[in-house]
> 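Here you go, one structure.
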Protein chains: 2
Amino acid sequence: MAKNAAARGPTIRDVAALAGVHPSTASRALDASLPGRVAEPTASRVRAAAHALGYVPDPAARSLRTRRSGLVGVVIPDLTNPVLAPIVQGVEETLRAAGFGCLLADTDNDPAREASAIDELEARRCEGLVIATARRRSAAVERLAKRGPAAVLVTRGLDTGALPLVAADDAQGVAAAVRHLAALGHRHLAHLTGPRDLSTTVRRARAVRESAKALEPPDVDVVVHHGSGFTIADGRRLARALLSAHPEVTAIVAGNDMIALGCLDAMAGAGLRCPEDVSLVGHNDMPFVDRLEPALTTVAIPQRALGVRAAEVLLGRLAGEAVATEQLVLPTQLVVRGSTAPPPPAARRS
Amino acid sequence: MAKNAAARGPTIRDVAALAGVHPSTASRALDASLPGRVAEPTASRVRAAAHALGYVPDPAARSLRTRRSGLVGVVIPDLTNPVLAPIVQGVEETLRAAGFGCLLADTDNDPAREASAIDELEARRCEGLVIATARRRSAAVERLAKRGPAAVLVTRGLDTGALPLVAADDAQGVAAAVRHLAALGHRHLAHLTGPRDLSTTVRRARAVRESAKALEPPDVDVVVHHGSGFTIADGRRLARALLSAHPEVTAIVAGNDMIALGCLDAMAGAGLRCPEDVSLVGHNDMPFVDRLEPALTTVAIPQRALGVRAAEVLLGRLAGEAVATEQLVLPTQLVVRGSTAPPPPAARRS
DNA sequence: CTGAAAGCGCTAACAA
DNA sequence: TTGTTAGCGCTTTCAG
């Protein structure tokens, strides 16, 4: 016979009784944020009683009274993308240190699931939301600017800029990548992007184009192909089409590392070597891309710091800080490894 | 002036008023698990009212009354180990489908943080816990067998077997690896393990030894070195020491894929090629090890399924199913890739 | 500085 | 079938 109901723990009344005070006094004594509201001898008696009984306040009762749940929702597109792990770690660690619990929701890159995840998290009365899934326009996310729990976006922002965003300086990183390739002698670049409805895609695509134009002399051309996802399969598809349509291209700037992995597949499938025939640059420097063959040259983003800062911005809002919609930009860095090299002496076209 | 308090949503009283019934009737009407407790016309009026107002029940109030939080805690050792991502996904997806929220806690492989994470999760009144961090003996985890929320372990079990465990059939997978290496002609194997206080370590180590002994003829010897963690750095250290102390070894069975990655580093550092000089087998088949150079031969575990089954076992317990302490074992499979080959013709000893 | 009283929003017993 | 009542455990006025 399973005793299903959890054994009830001691309540504040038990603590108060043991300390010989009124429950409300016990409550005050245990509230660290109100020092001096209770005489010290009394307070320490209460603390001793609480400790002796192993008292743990009931969050439901407290939450019902205070209207605060101590919960934050974290909405992510796909946990198996390794770049997310350090970000989530940073978020979780920072939030936990501040006394918040992290409710995780993986949307599997599905906008419908994003919307329902946000609804659910809101139904659970999360005080705040960290959202890593935002598309440039998304009713579900945009609504949070007007109504609902405080929200902070990571990496992916809204076109309206209506919500605070903590993102990496992709433009700078991508520009460095373009200059790196141009310096190696590449004159025909391609940029294979993720979905156009993500801010990261447009930021990076614009940076590729503009940094190519800004070269001295401006003799590097760029072909941009847009993909429909940030997956290896998307990268494979894109690269396959690109390589056959544009044999003049000798270097690819991938929208992220997953797409870059797909590019490697497509190159191998087309009998092209990386970097001898085609150079490749990724984006994110996600774990393990330094161990590929060839080791991937990529734009490193401060993964953990993104998570930490996003959590901090959220905590600031929850603490009632000024409601300025911040757009925080963290530095990136081009990490040159083995996947970039000078172009082959002759054009690839056979 | 920030309006900090969340705008109060409609309550069940609002719904009841709009539907012209008593709050308790409205509550019953909205409780799907009690069909027929309310006349259909009344019930549909209540539902309409709830819908019209956008009523969402307050989980704190409900939880206070029902003693159920709808929360499950998920305790993991290190999110950046890619093998955990699919497991957590499986857990989260299954739990969410059953209406539970997932509170994530990353312990960073620290037993003290495991203990405090469990305490915190319990303080938040989680109804259940999925624990992927258990060591063979751990007061914090063992206590859950007696007192506290229902708990299910994944991958790592307790020596006492006091809690249900969902794990992969490591023994079978490792035995297949040993037979594979023996068939290739290896006679001197090494096994580099994770920490000895993890059940996975002892399971795999025993399997390596026993399957070597069981070979016909039993002419393969095994040297086992124990490490202190499941990280790349641990693998590097272990392999470095092994390779210099045991030049006769031509094949390594790594405790997991992270250790295997460290082995690759150490081999490269020692001027040994994989697989020409030393063969290598990993464990877990975590994402991306198929893309290394060489592609890693490894024991694949059903990652996502482990998470799904663990969640299902937990849900079963929460539903009051028989309290049998189940030890669920899911099949593994040796995936042969490029890191294993016949040993070099002459012994490595120079 | 401490006690009394009330009530957060919900649902489970009980009554009608 | 529906309404009445009560109370989950906590904190927060308001009195004293």
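Here is how names work: the chains are called A, B, and so on, in the same order as the sequence lines, proteins then strands, and each is numbered from 1.
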> Taking the nucleotide of DNA chain D with the closest heavy atom to each, which residue, B:Ala43 or B:Ala61, is nearer the 5' end?
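So the residue in question is B:Ala43.
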
> What's the separation between atom CD in A:Glu122 and atom CG in A:Leu144, rounded to the nearest 0.5 Å?
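These two atoms lie 6.0 Å from each other.
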
> Between B:Asp197 and B:Arg137, is there a side-chain heavy-atom distance shorter than 4.5 Å?
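No, too far: nothing below the 4.5 Å cut-off.
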
> With a 3.5 Å cut-off and heavy atoms only, can you find an N or O donor on one side and an acceptor on the other between the side chain of A:Ser24 and the base of C:dT2?
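Check fails, no donor-acceptor contact within cut-off.
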
> With a 4.0 Å cut-off on N to O distance, would you call B:Asp58 and A:Arg67 a salt bridge?
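Yes.
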
> Could you state the CZ-P distance from B:Arg68 to C:dA12, rounded to the nearest angstrom?
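After rounding, the gap between these two atoms is 10 Å.
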
> Does C:dA4 have its OP1 or OP2 closer than 4.0 Å to a side-chain nitrogen or oxygen of A:His22?
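Looking at the OP1 and OP2 atoms of C:dA4, one of them is under 4.0 Å from a side-chain N or O of A:His22.
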
> Check the distance between D:dT4's C1' and B:Arg13's CZ and give it to me in whole angstrom.
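Checked: the CZ to C1' distance equals 13 Å.
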
> Looking only at the side chain of B:Asp58 (C-beta and beyond, no hydrogens), which of the listed nucleotides D:dC8, C:dC10, D:dT11 gets closest?
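My answer, after comparing the listed nucleotides, is C:dC10.
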
> Round to a whole Å and report the spacing from CZ of A:Arg37 to P of D:dC14.
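These atoms are roughly 13 Å apart.
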
> Would you kindly say whether A:Ser138 and A:Glu114 are connected by a side-chain donor-acceptor distance under 3.5 Å?
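Per modelled atom types, A:Ser138 and A:Glu114 side chains form a pair under 3.5 Å.
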
> Rounded to whole angstroms, how far apart are CD1 on B:Ile12 and P on D:dG7?
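These atoms are roughly 21 Å apart.
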
> Can you tell whether the side chains of B:Arg309 and B:Glu312 come within less than 4.0 Å, N to carboxylate O?
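Answer for the salt bridge query: yes.
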
> Round to a whole Å and report the spacing from CG of A:Leu30 to P of C:dT2.
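The distance from CG of A:Leu30 to P of C:dT2 comes to 14 Å, rounded to the nearest Å.
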
> Touch check for B:Thr11, heavy atoms < 4.0 angstrom, all strands: base, sugar-phosphate only, or nothing?
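B:Thr11: backbone/sugar contact only, no base atoms under 4.0 Å.
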
> Under 4.0 Å, heavy atoms only, any strand: does B:Thr42 hit a base, just the sugar-phosphate, or nothing?
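Sugar-phosphate only.
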
> If you check every side-chain atom of A:Arg65, which of D:dT11, C:dT2, D:dG9 has the closest atom?
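Out of D:dT11, C:dT2, D:dG9, the nucleotide with an atom closest to A:Arg65's side chain is D:dT11.
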
> Please figure out whether A:Arg28 or A:Leu64 has its closest DNA chain C nucleotide nearer the 5' end.
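Of the two residues, A:Arg28 wins.
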
> Please tell me which of the listed nucleotides, D:dC8, D:dT1, C:dC1, lies nearest to the side chain of B:Ala39?
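The nucleotide sitting nearest to the side chain is D:dT1.
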
> Should A:Thr25 be listed as having a side-chain N or O under 4.0 Å from OP1 or OP2 of C:dG3?
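Yes, because at least one side-chain N or O of A:Thr25 sits under 4.0 Å from OP1 or OP2 of C:dG3.
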
> Report yes or no: is there a donor-acceptor pair, N or O only, under 3.5 Å between the side chain of B:Ser27 and the base of C:dA12?
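No pair found.
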
